[in-house]
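Keep in mind it's a predicted model, so treat the numbers as computed, not measured. Each chain gets a letter, A, B and so on, in the order its sequence line appears, and its residues count up from 1.
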Number of protein chains: 2
Amino acid sequence: MAQSSYLNELKSKKLKATPKRLAILRVLSAASVYLGPQEIWEQLKKDFKKLGLPTVYRNLEELVDAGLVSRIIHPNRRLYYFLCENRLQHHHFICVQCGKVQDISFCAEAQLLQEVDQIYGGKILSHTLQVNGLCRCCLKH
Amino acid sequence: MAQSSYLNELKSKKLKATPKRLAILRVLSAASVYLGPQEIWEQLKKDFKKLGLPTVYRNLEELVDAGLVSRIIHPNRRLYYFLCENRLQHHHFICVQCGKVQDISFCAEAQLLQEVDQIYGGKILSHTLQVNGLCRCCLKH
DNA sequence: CATCTAAATAGAAATGATTTTCAATTGGAG
DNA sequence: CTCCAATTGAAAATCATTTCTATTTAGATG
Ligand SMILES: [Mn+2]
Ligand SMILES: [Mn+2]
Ligand SMILES: [Zn+2]
Ligand SMILES: [Zn+2]
């Protein structure tokens, strides 16, 4: 995704385009795997002599809220983040070994809505669909 | 579920039917909502003068592994547990307000397998599908 | 019933990811 | 340039969960 695209999205979400926030986006954008806050922090400490880990945590969550970054809840229950070009609502297949993320085009939304809304009369606030496993590449080794 | 049914399932999973383990099952069985380890512990401290919180944590995970209890990852990212009579693979709609759990009969398994296995060549180890929201009852108030 | 062993437990301590606090800094609108 | 809300760093707190180890116990076996 282009840098200018980030800027527009940030502005529309009322997030300032601070150097650190942009750097976090840059790291995520360059990564081919999901990254944890700690990893992102360690990469960025090289570029900024001062950078607090809480800043990374805060920014990641803000970027998720803004819809720029997707959050992955690993089976180990730690949080990871991934910058996905695909802006449509979708889900992920994640490799627990190498960290690769692949889009799942299948979306359960309609069926879930049907069941929860029409049968139970409830209101869906969020849903998680995540598939964990080993990617083709990791399967070989 | 009948007590004797628990005993059989425990035995088949090589879990001893200890008084505390059975008590945990009893508490879960009596509950109409998902419960956290702490809550379960607090209820059981009345019955056992000695009962460690780690024991509750350990047992809950063992019971999940044994397939007797289902684990719920709340949007608040804490763990909750629920004893569901339905032993077939299925998912849940949980109310984030009152803790009610309702079965989602819809299962994405086939489609996910199709996509991950046949398109990506990966292997699914687990998948999470959970719907969070407000139940009919909580919606009214 | 007595014996025996792997499984289970208590209690205390450690863990470690995540969050909070608050004073100082800064982006960017006007 | 000014100004203020947003952002940040540093340190500390939180707090759910796990680990450790000595002790106890379920239940298999004879
Ligand atoms: Mn994606
Ligand atoms: Mn169920
Ligand atoms: Zn992989
Ligand atoms: Zn409810």
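In this structure, the ring of B:Y34 has its center less than 6.0 angstrom from the ring center of B:H74. Aromatic ring centres of B:H127 and A:F93 lie farther apart than the 6.0 Å criterion allows.
Across the protein-nucleic acid pair, B:R77 atom CZ and C:dA17 atom C1' stand 8 Å apart, rounded to whole Å. In this structure, CG of A:L15 is placed 15 Å from C1' of C:dT26, rounded to the nearest angstrom. The distance from atom CG of B:L79 to atom P of D:dT18 is 8 Å, rounded to the nearest whole Å. Atom P of nucleotide D:dT25 and atom CG of B:L22 are separated by 16 Å, given to the nearest angstrom. C:dA17 atom C1' lies 11 Å from atom OH of A:Y80, rounded to whole Å. Note: CG (B:L60) to C1' (C:dT9) measures 15 Å, nearest angstrom. Taking atom NZ on A:K13 and atom P on D:dT7, their separation rounds to 14 Å, with Å as the unit. In this structure, A:I72 places its CD1 atom 18 Å from P of C:dA17, rounding to the nearest Å.
Put simply, the side chain of B:T128 never gets that close to the backbone of A:L129: no donor and acceptor are under 3.5 Å apart. A distance-only check finds a donor-acceptor pair linking the side chain of B:Y120 to the backbone of A:D103 [under 3.5 Å].
Between B:Q38 and B:A17, the residue anchored closer to the 5' end of DNA chain D is B:Q38, taking for each the nucleotide with the nearest heavy atom. Annotation: of the two residues near DNA chain C, B:K14 and B:P54, the 5′-most nearest-nucleotide partner is B:K14. When each of B:E61 and A:E62 is assigned the nucleotide of DNA chain D with its nearest heavy atom, A:E62 is the one assigned upstream, toward the 5' end. Judged by closest nucleotide on DNA chain C, B:K50 is the one of A:R78 and B:K50 placed further toward the 5' end.
The shortest distance between the side-chain N/O atoms of B:R21 and the OP1/OP2 oxygens of C:dA8 is below 4.0 Å. Contact annotation: A:Y57 side-chain N/O to C:dT19 OP1/OP2 distance is not under 4.0 Å. Distances shown here put every side-chain N or O of A:N76 at or beyond 4.0 Å from the OP1 or OP2 atom of C:dA17. In this structure, A:T18 reaches the D:dT8 phosphate: one of its side-chain N or O atoms is under 4.0 Å from OP1 or OP2. Note on B:K16: every side-chain N or O is 4.0 Å or more away from OP1 and OP2 of D:dT25.
Salt-bridge annotation for B:E62 and B:K13: absent, with no side-chain N of the basic residue lying under 4.0 Å from a carboxylate O of the acidic one.
Relative to the side chain of A:T55, the nucleotides D:dT8, C:dT19, D:dT17 differ in distance, and D:dT8 lies closest.
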